[in-house]
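See below for the structure under consideration.
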Amino acid sequence: RRHARNGYNAPAVNGAAENLADGMDTSTAFKQLHASLSEQVLGQECLVSRLIIALLADGHLLVEGAPGLAKTRAIKALSGHLPGDFHRVQFTPDLLPGDLTGTDIYKPETSAFEFQRGPIFHNLVLADEINRAPAKVQSALLEAMAEHQVSVGQRSYPLPEPFLVMATQNPIEQEGTYPLPEAQLDRFLLHVEVSWPDAETERRILQLVRQESGREEAPKPTPITLDQLHAAQTAARALHLAPAVEEYIVQLVQATRHAEAYDPELAGWIEWGASPRASIALESTARANAWLAGRDYVSPEDVQALAPDVLRHRLLPSFAAQAGGVGANQIIHRLLECVPVG
């Protein structure tokens, strides 16, 4: 009711209501996708939902967590529900850009060079431990993410559609790593943190592993078609976004740059604020979240739900914040408390 009073629950524009009505099959397909992934990836509900949101928002995500937390399993399970293929690339210090993108190979029989595609030419790519590869390899991956193409020599090669990269980082080992610069981190739509499962979930994981090891390969699910994916992306982009919610998004991002207007202590915690990419990411992910919830409008709660994952890697905490043990999560929590809705 509060949303209706504030104008958030307004009639959908650009045919969004009709799209929702006509797209029951698409909506049902994504609900089944979410349910299926949740059954296969236990204890990581946030990672599952963020993967689907990144798919709908046509972005990429960086996942940070200790080993063994089903990061690889999650994106591999997602690939089984999509029209396309999956490839995992283990990033190591000796990796070269050509090992990822591909390179021109000389063919003696034709006396010409022929482009040999690299592992980046897959629909879903897992860049495992991206911070172990040198800067040139990271840059090659991030260029492919931003441009959806690979340039080798004087030619450019388009990447397949859909194209989603999930990069992972291991937070417990920093020796021999090449941390991503803040400017490159900004190109990830979301930065998701995964944590340990609780005891009950870990028991269910043991049971699931026993079941999977004792049975034949499970039948592959019916994949979501490209038409369904495009219809879902179009429907999410067409959801009604009230001016008050748009202003809330803008003020949240502005507050990361001019926090003194809201809280002097908060201003002392932030060395560098978020770029306009944060505003774009907040809107697109909030739209995807609202569509998955079955609504035809975006609410402030959608923005608040995605704000930590959108802003976490786009804020640079000050030295005073780091010295005081204040991290990005605490800064974002304070931001959400200080910036009023509407």
Side-chain angles (χ1 to χ4, degrees), residues 16 19-41 44-45 47-63 70-89 100-102 115-128 141 144-150 156-168 188-190 192 212 216-239 284-285 287-294:
N19 288 341
L20 287 174
D22 296 339
M24 282 301 293
D25 290 341
T26 300
S27 178
T28 301
F30 273 85
K31 288 179 181 177
Q32 292 176 348
L33 168 64
H34 190 280
S36 178
L37 292 180
S38 297
E39 291 176 357
Q40 297 176 67
V41 184
Q44 300 297 351
E45 182 62 30
L47 176 58
V48 167
S49 67
R50 298 311 186 255
L51 267 172
I52 298 175
I53 287 173
L55 184 67
L56 289 172
D58 194 21
H60 312 278
L61 66 164
L62 177 66
V63 181
K71 299 184 291 293
T72 302
R73 181 183 177 92
I75 190 169
K76 191 173 182 180
L78 176 62
S79 69
H81 294 76
L82 296 176
D85 49 13
F86 162 76
H87 195 88
R88 174 180 176 270
V89 183
L100 180 68
T101 62
F115 180 64
Q116 184 71 39
R117 294 172 182 262
I120 195 68
F121 286 88
H122 290 79
N123 297 98
L124 273 73
V125 177
L126 172 63
D128 209 2
L141 173 66
M145 289 164 45
E147 306 297 334
H148 280 216
Q149 68 177 22
V150 166
S156 296
Y157 304 89
L159 293 169
E161 294 293 340
F163 178 64
L164 184 148
V165 173
M166 187 180 98
T168 69
F188 284 96
L189 181 75
L190 298 168
V192 183
E212 291 180 343
E216 297 181 358
E217 186 176 352
K220 292 185 178 180
T222 302
I224 290 174
T225 66
L226 273 178
D227 287 342
Q228 287 177 318
L229 176 57
H230 291 156
Q233 291 173 335
T234 300
R237 287 193 295 266
L239 293 191
S284 62
T285 56
R287 287 180 179 276
N289 192 64
W291 184 82
L292 289 170

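What you are looking at is a predicted structure, and each value in this text was computed from that prediction instead of being measured.
Under the side chain to side chain contact (heavy atoms under 4.5 Å, CB included) criterion, Q32 pairs with T28, not counting sequence neighbours.
The closest side-chain heavy-atom distance from P162 to L229 is below 4.5 Å.
Closest non-hydrogen pair, V48 versus S38, comes out as CG1-OG, 4.1 Å. The heavy-atom pair separating Q233 from L55 by the smallest distance is NE2-O, 3.0 Å. Residues F163 and I120 approach most closely at CE1-O, 3.5 Å, considering heavy atoms. Minimum heavy-atom separation, A70 to V41: CB-CG1, 3.9 Å. The heavy-atom pair separating L56 from A288 by the smallest distance is CB-CB, 3.9 Å. The two residues T26 and Q228 have their closest heavy-atom pair at CG2-O, 3.4 Å.
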>> Set out, in order, the CA-CA distance, both residues' side-chain angles and the distance that settles ring pair (Phe, Tyr, Trp, His ring centres under 6.0 Å) for H87 and F121, then state yes or no.
In response: CA-CA 9 Å; H87 195 88; F121 286 88; over 10 Å; no
> Is there a side-chain contact (heavy atoms from CB on, under 4.5 Å) between T285 and L190 once you walk through the steps?
Replying inline: CA-CA 9 Å; T285 56; L190 298 168; 4.0 Å; yes
> Would L164 and I75 satisfy side-chain contact (heavy atoms from CB on, under 4.5 Å), going step by step from the backbone distance to the final call?
Replying inline: CA-CA 10 Å; L164 184 148; I75 190 169; 4.1 Å; yes
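Interatomic distance, CG of L189 versus NE2 of H60, reported as 8.5 Å (0.5 Å rounding). If you take CZ on F30 and CD1 on I224, they are separated by 4.0 Å, rounding to the nearest 0.5 Å. From E45, atom CD reaches atom CG of L37 across 9.5 Å, with rounding to the nearest 0.5 Å. Summarising the geometry, atom NE2 belonging to H148 is positioned 5.5 Å from atom CD belonging to E161; distances are rounded to the nearest 0.5 Å. Remark: T168 OG1 to L61 CG distance equals 10.5 Å, nearest 0.5 Å. The distance from the CD atom of Q44 to the CG atom of L51 is 10.5 Å, given to the nearest 0.5 Å.
In this structure a side-chain-to-backbone donor-acceptor pair under 3.5 Å is present from R287 to R237.
Dense packing is recorded around CD of Q149, with more than 12 heavy atoms of other residues, nucleotides or ligands lying under 6.0 Å away.
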